[in-house]
Amino acid sequence: MRPDYPPPIPGSRKLFCRHFILFFLLLGCLCSRAQVQNISGTITDEDGKPLPGASITLKDKKAGTHAGADGSFHLQGLSADILVVSYAGYMSQSQRVGDQVEFRIALKPGTKKMDEVVVVGYGRQSRQTLTGAVSSVDPQVFKSAPNTNVGTALQGTVTGLHVSQTTGNPGSSPTITLRGGTDFTGNGTPLMILDGVIIPNLYGINMDDIERIDVLKDAGATAIYGARAANGVILLTTKKGKKGRSQVTYSYRLANNMIRRNPLKMLSGNDYLLWNRRGIGSKYEADMADGNASNASGDIGQNTSGAYGWTVAPAWTSPIGLYSTQLVSNTNRQYIGQPGWDLLVDKNPFNAAQTDSILYRDIDQRSLENLFLQKSTEQEHYLNFSGANDQGAFSLGLGAINDLGMVVGSSFKRINANFNGSLNVNKDLKVSMNAAGYTLSNTPSYYTADGSNTSGIIQRVGAIAPTVRFTNDTNGAILPGASASLGNPAYFKDIYQDNTSDQRYSGSLNLEYSILPSLTFLASGSGYIRYTTENKFTKAYYASNTSTETVTRPASFSNTKDVQYSYNAFLQYDHHFGNHHIGVLAGGEFYDLKEFTSSGSGTGAATDDIPWVTASSTISDANSDQPAWDRLASAIGRINYDYQQKYLLTVNMRYDGSSRFRINTYGFFPGITAGWNVHKENFFQNSPLRNVVSTLKPRVSYGENGSLTFLGTTIANSNYYPTSQVYSGGSVYNGSSSLYVANVINTALKWETSSTLNLGLDVGFLNDRLSLIGDYFIRNVYDKLATLTIPAWTGFSTYTTNLGQLQNRGLEMELKARILQPKTAGGLGWNFSFNFSTVKSYVIKLPFNGLPGNRASAGSGTGLTQVWDPANQGQIKYVGGLQEGKRLGTDEVWAPKYDGIYTSQDQLNKDANVYNSYNSYTHHTVKLLGDARWRQVNPNDTIDSRQSVFVGRTTPKLVGGFSSQLTWKGFTLYGQFDYATGFVIINDVRQRGLSQAQGGQNSSIDVKNTWSPDNMGGTLPRFYWYNSSANYITSANLYEKGDYLALRELTISYELAPELLRKATKDKIRGLRIYATGTNLAYFTGYSGNLPETGGEDVGRYTLPRTLTFGLNVNL
Amino acid sequence: MEVQPPSAISKASALEDPDVAQGLYTGAYTSFRGSAATFFALGEMRSEIWADGLFTEAANTTFQPLYSQNISALKVPFGNWGSLYYLIYQINNVINIFPQTSIPVAQRNTELAEMYGLRAYVYYNLLRTWGSVPYVTEPLAAAGSLSALYKPRSSPDSIMRLIKSDIEQSLSLFNGSNTFASKRVYWNRVATLTLKGDVYIWSGTLMNGGNADLTTAMNALQEIENLQGATLALLPNYADIFDPTKKTTNKENIFAINYELNQAQNTNFADFRINATQAQTVLFNAGTSSAQLVSVAYPYLTNGDNRIGMSAPMIAKLTGGAADQRISGSFKVMYGNSTGYPIRSVMLTKWMGRVSAAAQLYDNDYPIYRYADVLLLMAEAKAKLGMDPSPEINQIRQRAYGSGYTPYVNGSVDNNMQAILEEQLREFIGEGKRWYALRRAGDQWVFTYINPFYLSPATVASGKGPTLLLPISATMLSGDPTLIQTSGY
């Protein structure tokens, strides 16, 4: 199915070879002769392909020869001689002659060069003749680091891809966006293809099975995948057998996940009490100023009986009260001075003349984190058998992974097998197959780690009141705390069971029949079946310290089955006419996906021992459905043409029909790319420039793609049947089942098309020691499939339609340098690579709606905002959302901003009439010393959302990465970094603490820098209980820059010299590599949280652990 | 190439299969239930009941702007018409499809009569909240061009005509039958008559309908009063009206929204309760022999928060005076568990459901109309017509205070109205009626009961709001250039 283009030998390199050969021939002349024996053999590359013209010499002698067309050579030499084999582009290799007379020497390729072969979709192509924008992932990145998700290997290594990890949950897939994405939300996940089979995501794929990853980026290249390739294509190729001796490879990794703690420091128990008492005192003062005696008395009530960690509610004196805070009395006086107990003597918040003595237990931040964060390990085993000969090839990979997460309860397990086999039935017919099976098992943390800003243990438990009581005062027994999200991890970690298992089977059969030497018939069929099962159970438990036992024991299951088939067949023609080379591929493909779901739940099991629905006494829900059926029929074609490999032209075409459209079913997606290998021109060869510039290839491409990603993001009727009016099942009413219309359809929906103009340049310097690949692109997305807000009278808020035009413009660059190149195997080598990409998205056209710029919202949370225009006093302007001719506004952040605080009565008097619509007082003009002095863009004495200023964007301006690899003898030192800059992020843990959003949570030590009558040097606005003065609403002041540089990987490895190893082990072990790798070692960032990779709202994320891995590869 | 949605049902199948059509009919009720929280909030949260309340956690940010009348063109509650047109779509769809189905004519007519009644009720809510709203009586078949979807607001008079015409259509299709289902959770003829009374008092008072409309209202309500007896009457025990175990013997309810285990629970009042943690530090009946921790009284309390409450003066007003079973049947005061037992808040206990299988089950039906509505509407119609409303007021008082109640004696129109509004306040706490009752009574009554700092003739005249109606949001205005802002904002 994949035609292999033999790597051509470039002319410049031929010249280089000749010098080499001459040199060794001269050396050879100096040798004397004695006990001469005949030596013969073949020189091949790693794949067993002959290397004609390779030079074979005897060290320190003049004698030497070249390999013939089949790679074979004959030579005479002594047993003491050392054979030196070299070939341009490969590492030279030495071997003692000894008694051996027949040699099979496979050369390892030298450091990667531009003349690599890349996978381009339904085929392969040499980079020499490639004209599209295709990036290949440096295989170094999947060699050492733990591999629970392949997506992480793309981070910082592929220019044009923005990969960010949003959670450290084991196995999780990162968010991947190509070139700014084709969605108005800035999203755009590439199409992923594993050995020709479309896969839904990268979750669960074994990185050790992967031979290479290629990313098709421009439409000239992706047009071959037509309808779904607008966001690019990630092609994953698994390992195939290689000619030469059959191999057995075993690798093992032991990874230690270290705890990454929250860099944001929280208040101690003492400060927590002190500042919350000041906070309620401030609210009391404001309520009095507001003339609201009722609220003011409520504030006093809060202190004495509110259920928060800082209050002195009588309930807290119980040895099992939720919190430990209590006024000293005769019944608890004995605790003073006892270990674990602390005393705070503080003035009463409402009556400065009164002093309160408060007794409390204190848990520090580190001890608290230790309850839900754990140091854990991951283990990986991988075994591969492979080999190939003239009859066929095989490769069988077996892998097993067991990863325990950093947050208690989270884990990931995987066992997989991947088999690739091919059989050359005769010289014309080749049959190959792939069979793969995976079983995965995944459990989340014991309770949602990072659900939203109002749930999630990272934020909630991580900021629990330090006065919380997690053990019984008298007997030390573990207590549950207040609730799962605010409770004691030591208690709740065993209550919830939630396991998702995933079984996948995929298989494909490929047939390659050579009808004529230049005409080949290719056909393949593949199937992909995926079963996902989630089982949940909650044991009987105590919801809080003092509650009665909850014995409902809910159990549930949810099954999903995806069945996907695809078939294709092609005729391939490939012929050279003199200097012309033409390749034609034409055929068709059919794709069919069905999804089936079933689920059920029940409650009332009698015991914790049967965590299944079967034990439930009440079955409350049972459901089965086929929510998706998707078909795609396509005609596919490609023409490659080159003249002497100088002038290159590729045309890709695809005609796609989707079952999702009723009227406009089909779409045609062509792509054309052209390139010019300037360095192969005679005029260039003759110019002095060629001594410096070894490759010069300008490229241009233009192509069109379709996209359904907008429709297919989730499995739902509206996505798969968007042009058929369907009724959905509603909830039961008085025992009767119900139906309702869930959405309004648009029968005229059609393909969204995107066209990309890509201008690229490949430049190589000094025999490609330094190579540069640059691309500039303009992608226009027409007939954008999007949700459009429609008037509410229709009964619906949005409908799906083809609207307007979006444009992405960007630049991407990758640089690779062999700063030092080893002259011989084992010499010192230093490779460096660097890449960056930047993209901006513009709204070009929107449906006419009579408003300026036809402005519109792009769904919830990304709507238009009205703000005062600083340039035109008193005028309103619209920002964010979608407006013609402007940059995409959906990732813009607009928020109010304060310019310092009120520090004098004069300042307060001056602003006495300023109305703050955000505060919660009856008189919105109430303000006290220390309150934020909000900026008035329009000085109209009213603070509302219109006074907002531009804060930044949540998507980075610039993303990229760089890596460095040093090699010497068997040692390799490899470091890989990635970075993103130019985006903003807000730390919810910090904001919610400063605003005391839960009434009793802990706050960051920033609070100690807030202004208070007792802290008049404080520079931050005054801290109020429940943020009553609204000083800590989401403001520009609380947003932070997200800019980061991550040290993603640092590896040191040692590979034993093969000759020594063979000798020592009598040829039993042919290769041995040991290494140590650090992953996610450090973020260099000014951000206060612990996972800066994704902009916008950081709800308190499950961060990535620092991982230290020890690994071993053995090759038998 | 074509695939048929395998698990979904299309319009064609609704026309062929009466069971599918019946599913859509039930779907209209499900959607109606889905809007219950909106009906409640629109009808009550701008009233004085919950204004300046005490609560133990942060304020409910949906409700706070309503009771503090913090409403402006920038602060727009219930954007997109409170999503009520989604419900109207489902009702219109049934009205559109039913005549073409093979459902037996008698059943079809009754069910269509219910749909017309429901639609009139929904439009009545829209009218009372926004005044003029889009006029929609057909379901949108498919959406094409955006500009074809623009629709301006229709005048209040035309919306009122639609409501009245739907009421007549409903009455005509019910064909005189006043039967109730065993659980009164379907719209019925008596509900249409009650709505008719309600609507005509409104148009009589606020839309120049005058005495003619008030008389129409009185006649419709009189027809219901004539039914009083074995199937329709006040229940002697106020709490029984809401008791989930007594649904089938409830002869006070006329139409209530149904909530059942494993179908849907009434979770709309979570913020009127308290969370399990807070419940451990507050008491009911503090300082008395029956003092009890709230967490002990409600051991299975879940999904509750205390974000809405009553002010101390409101609590004093409602709990002072003679023992009123409507107050004890509606809410309980929660006190701090420390010296002086300060009032912390109230808990709305009307919708607390019951304990079932060691869990709190919130399955109280939520009445839209009950017989007490009929009596107080009748009293209001009579008062406004200069007649004596005391028979109805006294029926209400007798049930509330027992046989020793203080009878009301007919007085001036204003005295009568005030007496009616005082009973109305106590009778319907948490039932989504108070704001509408003040509005229907007349603008002067709104300004009498609502804190003038929040809402006064001056703010109404200011042009910046708030007025008695709600504004529409900037998003709505920018999504449809034919829409114009509610006057006064």
Side-chain angles (χ1 to χ4, degrees), chain A residues 294 298 301 304-307 313-315 322 482 543-544 546-548 551-552 604 620 625-626 629 631 633 657 659 717 721 724-727 730-734 736-741 744-748 789-795 797 799 847 849-851 857 863 866 920 944 999 1026, chain B residues 1-3 5-11 23-24 26-27 29-31 52 54 56-59 74 80-81 85-86 88-90 93 134 136 140 142-144 146 149-151 183 185 258 262-264 276-278 280-281 299 311-312 336-338 342 344 357-359 474-475 478-481:
Chain A
S294 172
T304 51
S305 54
L322 287 180
S544 80
T546 49
S547 67
T548 41
V551 291
T552 45
S620 45
D625 195 3
Q626 182 187 342
W629 190 2
R631 285 178 159 184
S659 60
N717 284 338
Y721 320 119
S724 307
Q725 186 71 70
V726 294
Y727 296 147
S731 60
V732 177
Y733 188 86
N734 193 29
S736 304
S737 60
S738 69
L739 296 169
Y740 68 103
V741 179
V744 61
I745 56 160
N746 178 356
T747 50
T789 304
I790 53 174
W793 71 263
T794 56
S797 49
Y799 80 136
N849 66 5
L851 296 165
S857 297
Q866 288 183 19
S920 60
D944 56 32
Y1026 260 132
Chain B
M1 253 327 270
E2 235 170 74
V3 301
S7 62
I9 310 164
S10 65
K11 178 175 174 179
L24 289 172
T26 310
Y29 280 99
T30 309
S31 301
D52 299 323
L54 290 170
T56 68
E57 290 166 75
L74 283 181
N80 291 331
W81 314 114
Y85 280 97
Y86 169 74
I88 288 178
Y89 179 101
Q90 309 299 337
N93 197 32
V136 185
L140 180 70
L146 184 62
L149 298 178
Y150 295 156
K151 193 185 267 287
K183 276 191 265 178
V185 296
N258 186 234
N262 293 339
Q263 296 179 21
T277 306
Q278 307 266 340
Q280 298 177 29
T281 64
S311 66
N337 184 12
S338 60
R344 298 294 315 283
T475 312
S478 60
D480 181 348

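Note that these values count all heavy atoms, side chains included, but never hydrogens, waters or copies made by symmetry. Note on naming: letters A, B, ... go to the chains in the order of the sequence lines (proteins, then strands), and numbering restarts at 1 for each one.
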Exercise. When heavy-atom pairs shorter than 4.5 Å are enumerated against chain A, which of B/Pro299, B/Ala312, B/Ala359, B/Ala143 gives the highest number?
Worked result: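 Of the candidates given, the most pairs with chain A belong to B/Ala143.
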Using a 4.5 angstrom heavy-atom cutoff, name the option from [options] with the most pairs to chain B.
options                                : value
A/Gly306, A/Gly730, A/Gly298           : A/Gly306
A/Gly999, A/Ala315, A/Pro314, A/Gly604 : A/Pro314
A/Asn746, A/Leu322, A/Thr304           : A/Leu322
A/Ser731, A/Ser797, A/Ala313           : A/Ser731

Exercise. Between A/Trp793 and B/Tyr150, what is the shortest heavy-atom contact and its length?
Worked result: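 Answer, listing the atom of A/Trp793 first, then B/Tyr150: NE1-C, 4.2 Å.
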Exercise. Minimum heavy-atom separation for B/Leu74 to A/Gln866, with atom names?
Worked result: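 Scanning both residues, the minimum pair turns out to be CD2-OE1, 4.1 Å.
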Proximal component of [X], with respect to chain B [non-hydrogen, under 4.5 Å]:
X        : answer
A/Asn734 : both
A/Leu851 : side chain
A/Val741 : both
A/Ala482 : both
A/Thr552 : side chain

For this session: Would you check if the side chain of A/Tyr1026 reaches a backbone N or O of B/Ala58 as a donor-acceptor pair within less than 3.5 Å?
Result: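 Yes; at least one donor-acceptor contact below 3.5 Å.
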For this session: Measure the shortest side-chain to side-chain distance between A/Tyr733 and B/Asn258 over non-hydrogen atoms and say whether it is less than 4.5 angstrom.
Result: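 A/Tyr733 reaches B/Asn258 side chain to side chain.
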Exercise. Is there side-chain contact between B/Leu149 and A/Thr794, with heavy atoms separated by less than 4.5 Å?
Worked result: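 Yes, their side chains come closer than 4.5 Å.
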Exercise. Quick one: salt bridge (charged side-chain N to carboxylate O under 4.0 Å, His left out) partners of B/Asp52, sequence neighbours excluded?
Worked result: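 Checked B/Asp52 against salt bridge (charged side-chain N to carboxylate O under 4.0 Å, His left out); zero matches.
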Exercise. Does a donor on one side chain and an acceptor on the other come within less than 3.5 Å for A/Ser738 and B/Thr26?
Worked result: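 Checked: A/Ser738/B/Thr26 side chains show no N/O donor-acceptor pair below 3.5 Å.
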For this session: Tell me yes or no: between the side chains of B/Gln280 and A/Ser544, is some donor less than 3.5 Å from an acceptor?
Result: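 Yes.
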For this session: Quick one: list whatever passes side-chain hydrogen bond (donor to acceptor under 3.5 Å, both in side chains) with B/Thr277, sequence neighbours left out.
Result: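 For B/Thr277 there are no side-chain hydrogen bond (donor to acceptor under 3.5 Å, both in side chains) partners, ignoring immediate neighbours.
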